[in-house]
Amino acid sequence: MSNLAIFGGVAVPAFARNNELSETAKALMGGSTGVSTKRISIKGGVFRLVAGGKEVASIDERHLDVIVVKAAPKVSRVFYAKSYDAEAISGPDCWSNDGEKPDATAGNKQSVTCMACPQNVAGSGQGNSRACRYQQRLAVVLANNPNGDVLQLTLPATSVFGKEEGDKRPLQAFVRYLAVQNPPINPEQIVTRMKFDTKAESPKLLFTPMRWLEEDEYAVVKTQAESEDAKRAVVMTVAQSDSVKSAPLKLEGARPMGTLMNEEHAAAYEPIAAKAAKAAKAKPVEPEAEAEPEVRKTPSKSNAVPAAKGDLASIVSDWDDE
């Protein structure tokens with residue numbers, strides 16, 4: 001449990017607020033740190049909190065306010081050779097932290113460089129898509145709890161690239177918009193609202209600036225950016241964050257299927273699944289009773305985190321790290 005739960009809500013002393021496991025602690029744990037990166041997932045178009053590969057909470061709201069504390073310097077890539085198997089989840093076969101060459105630790109490198117990789121060719125994935133996918137890794141904290149856990153956020157290409165439409169901006173367009181202000185605004189100096197694009201067939205986030213940070217908040221963010229959690233968040237794949245091991249796969253000359261192992265790529269294929277579903281519905285079939293679609297209500301308040309069920313800061317503080 002979190003230290004707050006262990007000590008019955010007693011305030012954490014100043015010397016322990018940015019704690020990392022000491023060598024003493026590691027030695028007494030039998031050589032295992034027992035640490036896995038906590039992250040925010042957008043699987044299924046819902047904000048989910050994941051720890052150790054397990055979903056521990058989710059909220060119904062379509063937006064979430066965060067502070068970006070660190071970002072991977074380059075857009076990364078990740079590739080899965082096998083199709084998804086819920087009974088045998090494994091890590092990616094090949095990935096790149098800089099989008100230029102496979103990571104040295106990748107167990108099944110597909111090419112010497114990403115540019116020359118056969119998985120970077122249109123048609124190597126489903127339909128006319130590429131089997132190897134772009135993604136951007138961020139380290140964020142919740143806006144209402146900047147002293148809390150640093151969370152990994154891995155964004156699919158649809159949330160990173162693209163043009164702005166009015167005040168709706170994917171990540172790169174959002175940061176460019178901040179940069180041309182006078183004075184220029186850095187993303188780690190403000191509260192950013194992430195909101196799902198309700199028109200997108202797969203989970204896609206759009207970004208909006210909310211307010212400047214207070215001086216004390218900004219001081220905390222600068223400290224959080226130097227933490228080991230933040231450093232891990234921007235270099236680890238989702239599988240590594242969830243402590244899922246990669247299993248090297250020998251392809252024996254056959255071209256990989258290019259389908260997905262987990263949510264790192266699932267969003268990219270949901271539009272294809274949606275089209276297939278529409279095509280199936282177009283065929284004459286025996287009519288069946290269907291449930292009424294759930295209509296989401298727009299939150300009446302501007303706060304990104306509700307006070308009760310959706311209080312993510314409270315949920316995060318109660319996470320079990322086991």
Asks: Restricting to non-hydrogen atoms, name the atom on Ala51 and the atom on Lys38 that form the minimum distance, rounded to 0.1 Å.
Replies: CB-CG, 4.1 Å
Asks: Below 30° counts as parallel, above 60° as perpendicular, anything between as tilted: where do the rings of Phe196 and Phe47 land?
Replies: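 Rings of Phe196 and Phe47: tilted, 30 to 60°.
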Asks: What are the two closest heavy atoms between Ser111 and Thr113, and how far apart are they?
Replies: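 Of all heavy-atom pairs spanning Ser111 and Thr113, the closest is OG-O, 2.9 Å.
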Asks: Could you grab the distance from atom CZ of Arg62 to atom NZ of Lys195, nearest 0.5 Å is fine?
Replies: 9.5 Å
Asks: Among Thr192, Val191, Leu178, which one satisfies side-chain contact (heavy atoms from CB on, under 4.5 Å) with Pro209?
Replies: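 By the side-chain contact (heavy atoms from CB on, under 4.5 Å) criterion, Pro209 pairs with just one of Thr192, Val191, Leu178: Leu178.
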Asks: Return the minimal non-hydrogen interatomic distance between Ala173 and Gly162, and the atom names on each side.
Replies: CB-O, 4.0 Å
Asks: Using distance only, find each side-chain donor-acceptor pair of residues 66-76 under 3.5 Å and give its atom names and separation, not counting sequence neighbours.
Replies:
{"from": "Lys74", "atom 1": "NZ", "to": "Glu100", "atom 2": "OE2", "distance (Å)": "2.9"}
{"from": "Ser76", "atom 1": "OG", "to": "Gln135", "atom 2": "O", "distance (Å)": "3.0"}

Asks: Give me each pair satisfying salt bridge (charged side-chain N to carboxylate O under 4.0 Å, His left out) with a member in residues 210-221, each pair once, sequence neighbours excluded.
Replies: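 For residues 210-221, and leaving out neighbouring residues, the salt bridge (charged side-chain N to carboxylate O under 4.0 Å, His left out) pairs sorted by first residue read Arg211-Glu217.
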Asks: Using a 4.5 Å cut-off on heavy atoms from C-beta on, say whether the side chain of Asn120 contacts that of Arg77.
Replies: yes
Asks: Looking only at side-chain N and O atoms, does Asp103 offer a donor or acceptor that is under 3.5 Å from a partner on Thr105?
Replies: yes
Asks: What pairs meet the salt bridge (charged side-chain N to carboxylate O under 4.0 Å, His left out) rule with one or both residues in residues 165-179, with sequence neighbours excluded?
Replies: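 Counting only pairs at least two positions apart or across chains, the salt bridge (charged side-chain N to carboxylate O under 4.0 Å, His left out) contacts touching residues 165-179 are Glu164-Arg169.
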Asks: Is it possible for you to say whether Leu142 and Val220 belong to one hydrophobic cluster, with membership spreading through side-chain heavy-atom contacts below 4.5 Å?
Replies: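 Result: no, two separate clusters.
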Asks: Which heavy atom in Lys101 sits nearest to a heavy atom in Cys114, and how many Å separate them?
Replies: N-SG, 3.5 Å
Asks: I'd like to know if the side chain of Thr158 and the backbone of Lys204 have a donor-acceptor N/O pair within less than 3.5 Å.
Replies: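 Not a single qualifying donor-acceptor pair exists.
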Asks: Find the distance between CG (Leu138) and CD1 (Ile40) and round it off to the nearest 0.5 Å.
Replies: 9.5 Å
Asks: Within this structure, what is the CD1-CG distance for the pair Ile42 and Leu205, rounded to the nearest 0.5 Å?
Replies: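 If I round to the nearest 0.5 Å, the distance is 4.0 Å.
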Asks: Is there a side-chain contact between Ile185 and Trp212 in this structure, where contact means two heavy atoms from C-beta onward sitting under 4.5 Å apart?
Replies: yes
Asks: Please check if the side chain of Asp93 supplies one atom and the backbone of Ala81 the other of a donor-acceptor pair under 3.5 Å.
Replies: yes
Asks: Any side-chain heavy-atom pair from Met194 and Leu153 closer than 4.5 angstrom?
Replies: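 Yes, close enough: below the 4.5 Å cut-off.
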Asks: How many angstroms lie between atom CZ of Arg133 and atom CD of Gln119, to the nearest 0.5 angstrom?
Replies: 11.5 Å
Asks: Let's go through Arg137 and Asn97 carefully: what are the C-alpha distance in whole Å and the side-chain angles of both, what is the deciding distance for side chain to side chain contact (heavy atoms under 4.5 Å, CB included) to 0.1 Å, and is it a yes or a no?
Replies: CA-CA 9 Å; Arg137 300 188 192 116; Asn97 285 327; 2.6 Å; yes
Asks: Does Leu171 belong to the same Ile/Leu/Val/Met/Phe/Trp/Tyr cluster as Leu206, with side-chain heavy atoms less than 4.5 Å apart forming each link?
Replies: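 No, separate clusters.
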Asks: State, with a plain yes or no, whether a side-chain heavy atom of Pro170 is found less than 4.5 Å away from one of Asp197.
Replies: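 Contact flag for Pro170/Asp197 side chains = no.
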Asks: Does some side-chain heavy atom of Leu151 sit less than 4.5 Å from a side-chain heavy atom of Arg39?
Replies: no
Asks: Please give me the minimum heavy-atom distance between Ala106 and Cys94, naming the atom from each residue.
Replies: CB-CA, 4.0 Å
Asks: Is it true that a side-chain atom of Thr223 and a backbone atom of Ala219 form a donor plus acceptor pair closer than 3.5 Å?
Replies: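 Side chain of Thr223 to backbone of Ala219, a donor-acceptor pair under 3.5 Å: yes, one is there.
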Asks: With distance as the sole test, does Glu226 use its side chain to make a donor-acceptor pair with the main-chain N or O of Lys222 at under 3.5 Å?
Replies: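 No; zero donor-acceptor contacts below 3.5 Å.
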Asks: What distance do Gln110 atom CD and Ser96 atom OG have between them, rounded to the nearest 0.5 Å?
Replies: 12.5 Å
Asks: Show the nearest heavy-atom pair for residues Ser41 and Val50, with the distance to one decimal.
Replies: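 Scanning both residues completely, I find the closest heavy atoms to be CB-CG2, 3.9 Å.
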